[in-house]
Trainee: 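First the structure, which I've put down as structure tokens, then a few questions once you've had a look.
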Amino acid sequence: MAQKPGIPKGTRDFSPVEMVKRNYIFDTVKSVFQKYGYMPIETPAMENLSTLMGKYGEEGDKLLFKILNSGDYLSKANDQLLAEKESNKLINQISEKGLRYDLTVPFARYVVQHQSEITFPFKRYQIQPVWRADRPQKGRYREFFQCDVDVVGSNSLLNEVELIQVVDEVYRLLNINVVLKLNNRKILTGIAEVIGAADKIVDITVAIDKLDKIGLEKVNEELASKGLSSTAIETIQPIIQLSGTTQEKLAQLKEVLSSSEVGLKGIEELETVFTYLDHLKLELEVELDLTLARGLNYYTGAIFEVKAKDVAIGSITGGGRYDDLTGIFGLKDVSGVGISFGADRIYDVMNQLDSFPKKDGVRTQVLFVNFGDEDELYAIHALKNVRAAGINAEVYPDNGKMKKQMTYANKKQIPFVVLCGEQERKDGVFTLKNMESGEQSMVTLEELVKEIQASGGLMN
RNA sequence: GUGAUUGUAGCUCAGUUGGUUAGAGCGCUGGAUUGUGGUUCCAGAGGUCGCCGGUUCGAGACCGGUCUUUCACCCCA
């Protein structure tokens with residue numbers, strides 16, 4: 001009995017039509033990355049679990065896909081744990097590999113492992129799928145592609161500025177209106193310091209991140225429930241509700257954080273970045289947003305997030321600076337900063353806005369109808385010349401009915417069809433049919449090539 | 001992980017309080033048209049109603065479980 005085929009939850013097949021669009025996104029970001037001097041690398045889909053575990057917080061560990069050891073994976077398992085169904089404790093006995101959760105941690109691993117061959121600062125980009133075992137929902141998949149650009153081995157804020165330029169250029173090319181939100185983890189640390197709750201920084205950032213979602217009152221409730229005193233909550237009110245221009249916000253912050261060295265350092269960094277951005281006069285809207293926390297706990301400086309203005313789908317790009325990601329793997333004092341473009345969400349946004357280019361440049365421009373035998377030979381000979389002229393062309397592989405071959409051309413939206421049977425072959429010509437207008441004419445090979453090239457080739 | 005939601009032909013969906021042989025549109029195949037697609041007309045093929053179990057004389061419909069879809073929460077691209 002034939003079983004119904006299917007794919008795992010949260011994964012997707014991509015049809016030719018979708019791939020053309022996806023590749024357009026990949027090609028666009030790649031071209032920008034390369035323009036700024038970033039070079040490609042790739043890393044394996046699976047990493048050692050020890051590389052992945054503990055890098056994304058408790059929640060992240062849960063969302064890691066673990067791979068069962070090969071062979072008799074239970075043979076080394078502890079009997080007692082097995083009997084008690086202690087899956088969490090059993091994991092490291094039955095699994096030593098996992099699917100990568102993002103591209104940043106594998107990159108840090110790569111840098112440490114290849115440090116002797118790398119010239120710093122190292123600028124790399126990486127476009128590969130990542131996997132997360134959470135429940136799929138709108139704009140969330142279990143397998144999705146990230147397009148990462150990172151610089152490691154440089155503390156300069158010029159890198160932050162450059163990455164913002166990359167964001168600006170990518171989204172201008174893709175024709176998406178976005179706003180880039182900028183914050184600095186040092187400021188968040190400073191806030192926690194000022195209210196004497198340095199250990200609560202994660203709780204505080206998570207709570208204020210929800211401001212525009214659940215409102216001020218609920219945020220304060222959450223802060224209280226996490227054990228913050230009412231005076232502490234009182235102290236950070238002006239920060240949560242900061243308003244005015246960027247300059248005004250920074251000035252207010254300076255006052256509140258005057259007693260915190262890290263806090264002031266964070267403000268200074270932001271000021272520098274904003275000053276550079278002012279000089280560059282980007283079209284991109286850059287907004288200082290203190291409610292931007294981002295969950296990944298390895299960020300130490302700048303934090304970025306990009307949202308589409310016209311589509312509600314969550315962030316489509318995110319990133320930040322991490323001062324010590326390579327430290328865990330034994331390479332100290334290498335700071336890095338990077339951002340990640342979420343290709344799948346960008347795809348969803350562009351689809352909703354219908355902002356993909358109409359002409360894709362990849363589909364077949366002309367189909368040669370197959371009449372078999374000597375006519376077929378005549379066709380493939382001409383076909384070779386047409387292809388040599390840079391035209392995407394194919395011949396129908398079987399001497400099938402005309403109706404079938406024409407239907408094929410129609411379905412594939414091939415704009416031209418060439419008919420060359422006995423008569424044409426004897427006269428050394430071709431019948432060229434324009435599938436859009438229905439017109440057809442007898443032409444020589446040269447005229448055929450010229451006409452297809454002149455048409456721009458592609459209908460939508 | 002928590003709370004909802006969906007599943008009937010290749011696709012989109014009807015299917016009455018539980019009652020004979022489960023329907024439509026689109027698509028597909030063949031024909032009208034042996035060298036002409038996208039329009040039209042005619043005919044045909046295609047379904048263990050997601051899966052397992054239960055209630056019932058009788059289940060596509062009701063109940064339980066499971067998988068799947070979509071959505072919200074947590075978290076995140």
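What you see is a predicted model, and the numbers here were worked out from it, not measured in a lab. In what follows, every chain begins at residue 1, and chains take the letters A, B, ... in the order their sequences are listed.
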Trainee: Does Glu424(A) reach a base, just sugar-phosphate, or nothing at all? Heavy atoms under 4.0 Å.
Mentor: base
Trainee: Are the side chain of Gln128(A) and the backbone N or O of Thr43(A) linked by a donor-acceptor pair below 3.5 Å?
Mentor: yes
Trainee: Would you measure the distance from the P atom in C26(B) across to the matching atom in C42(B) and give it in whole Å?
Mentor: 11 Å
Trainee: Using a heavy-atom cut-off of under 4.0 Å over every strand shown, decide if Gly139(A) touches base, sugar-phosphate, or nothing.
Mentor: base
Trainee: Within the distance-only criterion (no hydrogens, no angle test), does the side chain of Thr364(A) pair as donor or acceptor with the backbone N or O of Asn392(A) below 3.5 angstrom?
Mentor: no
Trainee: In whole Å, what separates the C1' atom of C76(B) from that of G1(B)?
Mentor: 15 Å
Trainee: Rounded to whole Å, how long is the line connecting atom CG of Asp150(A) with atom P of A77(B)?
Mentor: 13 Å
Trainee: Using the 3.5 Å cut-off, write out each protein N or O paired with an N or O of nucleotides 1-3 of chain B and the distance between them.
Mentor:
{"from": "U2(B)", "atom 1": "O4", "to": "Arg135(A)", "atom 2": "NH1", "distance (Å)": "2.7"}
{"from": "G3(B)", "atom 1": "O6", "to": "Arg135(A)", "atom 2": "NH1", "distance (Å)": "3.1"}

Trainee: Can you tell me how far C1' in G30(B) sits from the matching atom in U68(B), rounded to whole Å?
Mentor: 36 Å
Trainee: With rounding to whole Å, what would you report as the distance between A72(B) and U8(B) at their P atoms?
Mentor: 23 Å
Trainee: After noting the C-alpha distance and the side-chain angles of Glu162(A) and Lys123(A), does the key distance pass the salt bridge (charged side-chain N to carboxylate O under 4.0 Å, His left out) rule?
Mentor: CA-CA 12 Å; Glu162(A) 184 174 280; Lys123(A) 304 174 78 169; 2.9 Å; yes
Trainee: OH of Tyr171(A) versus P of A77(B): gap in Å, rounded?
Mentor: 12 Å
Trainee: Can a salt bridge be assigned to the pair Arg140(A) and Asp134(A) using a cut-off of 4.0 Å between side-chain N and carboxylate O?
Mentor: yes
Trainee: If you compare every side-chain N and O of Lys404(A) against the phosphate oxygens of G31(B) (OP1, OP2), does one of them come in below 4.0 Å?
Mentor: no
Trainee: So which nucleotide from C28(B), C74(B), G35(B) ends up closest to the side chain of Met402(A)?
Mentor: G35(B)
Trainee: Round to the nearest Å and state the distance from Lys138(A) atom NZ to A77(B) atom P.
Mentor: 18 Å
Trainee: Nearest to the side chain of Lys401(A), which nucleotide is it out of G31(B), U68(B), C76(B)?
Mentor: G31(B)
Trainee: With rounding to whole Å, what would you report as the distance between C73(B) and G50(B) at their P atoms?
Mentor: 30 Å
Trainee: Tell me whether the NZ or CZ atom of Arg132(A) lies within the 45° cone about the ring axis of Phe144(A) and under 6.0 Å from its centre.
Mentor: no
Trainee: Output a table of nitrogen or oxygen pairs between the protein and nucleotides 38-40 of chain B separated by less than 3.5 Å.
Mentor:
{"from": "G38(B)", "atom 1": "O4'", "to": "Asn410(A)", "atom 2": "ND2", "distance (Å)": "2.8"}
{"from": "G38(B)", "atom 1": "N2", "to": "Glu436(A)", "atom 2": "O", "distance (Å)": "3.1"}

Trainee: Is there, by distance only and without an angle test, a donor paired with an acceptor across the side chain of Gln405(A) and the base of U36(B) below 3.5 Å?
Mentor: no
Trainee: Under a 3.5 Å cut-off for both contacts, is U6(B) paired Watson-Crick or G-U wobble with anything, and if yes, with which nucleotide?
Mentor: none
Trainee: Heavy atoms under 4.0 Å, any strand shown: does Gln146(A) hit a base, just sugar-phosphate, or nothing?
Mentor: sugar-phosphate
Trainee: What about Phe430(A) and Tyr378(A), are their ring centers closer than 6.0 Å?
Mentor: yes
Trainee: From OH of Tyr56(A) over to P of C74(B), roughly how many Å is that when rounded to an integer?
Mentor: 22 Å
Trainee: Using a 4.0 Å heavy-atom cut-off across all strands, classify Phe341(A) as base, sugar-phosphate, or nothing.
Mentor: nothing
Trainee: Using the side-chain hydrogen bond (donor to acceptor under 3.5 Å, both in side chains) criterion, which residues pair with Tyr141(A)? Sequence neighbours excluded.
Mentor: Asp348(A)
Trainee: At 4.0 Å (heavy atoms only), tell me whether Leu419(A) reaches a base, stays on the sugar-phosphate, or touches nothing.
Mentor: base
Trainee: In whole Å, what is the span from the CD1 atom of Ile313(A) to the C1' atom of C76(B)?
Mentor: 13 Å
Trainee: Quick one: does Glu269(A)'s side chain get under 4.5 Å of Leu157(A)'s, heavy atoms only?
Mentor: yes
Trainee: For Tyr125(A) together with Phe341(A), are the ring centres under 6.0 Å from each other?
Mentor: no
Trainee: Any stacking of Phe144(A) on A77(B), going by centres under 5.5 angstrom and planes within less than 30 degrees?
Mentor: yes
Trainee: Considering only side-chain heavy atoms of Lys411(A), which listed nucleotide, A77(B), G35(B), G27(B), is closest?
Mentor: G27(B)
Trainee: Give the rounded distance in Å between these two atoms: CE of Met406(A) and P of G35(B).
Mentor: 13 Å
Trainee: Whole-Å distance between C76(B) C1' and Lys307(A) NZ?
Mentor: 11 Å
Trainee: For nucleotides G47(B) and G10(B), find the distance between their C1' atoms and express it as a whole number of Å.
Mentor: 12 Å
Trainee: Mind checking the P distance from U16(B) to U6(B)? Whole angstroms is fine.
Mentor: 16 Å
Trainee: Rounded to whole Å, please give me the gap between CD in Glu222(A) and C1' in C75(B).
Mentor: 12 Å
Trainee: Tell me if the aromatic rings of Tyr347(A) and Phe26(A) count as close, with their centers under 6.0 Å from one another.
Mentor: no
Trainee: In Watson-Crick or G-U wobble terms, both distances under 3.5 Å, what is the partner of G25(B)?
Mentor: C11(B)
Trainee: Does the Asp289(A) side chain pair with the main chain of Leu182(A), one donor and one acceptor, at a distance under 3.5 Å?
Mentor: no
Trainee: So, are Lys426(A) and Glu374(A) salt-bridged, with charged N and O less than 4.0 Å apart?
Mentor: no
Trainee: For the P atoms, the ones on C13(B) and on U17(B), what distance do you get once it is rounded to whole angstrom?
Mentor: 22 Å
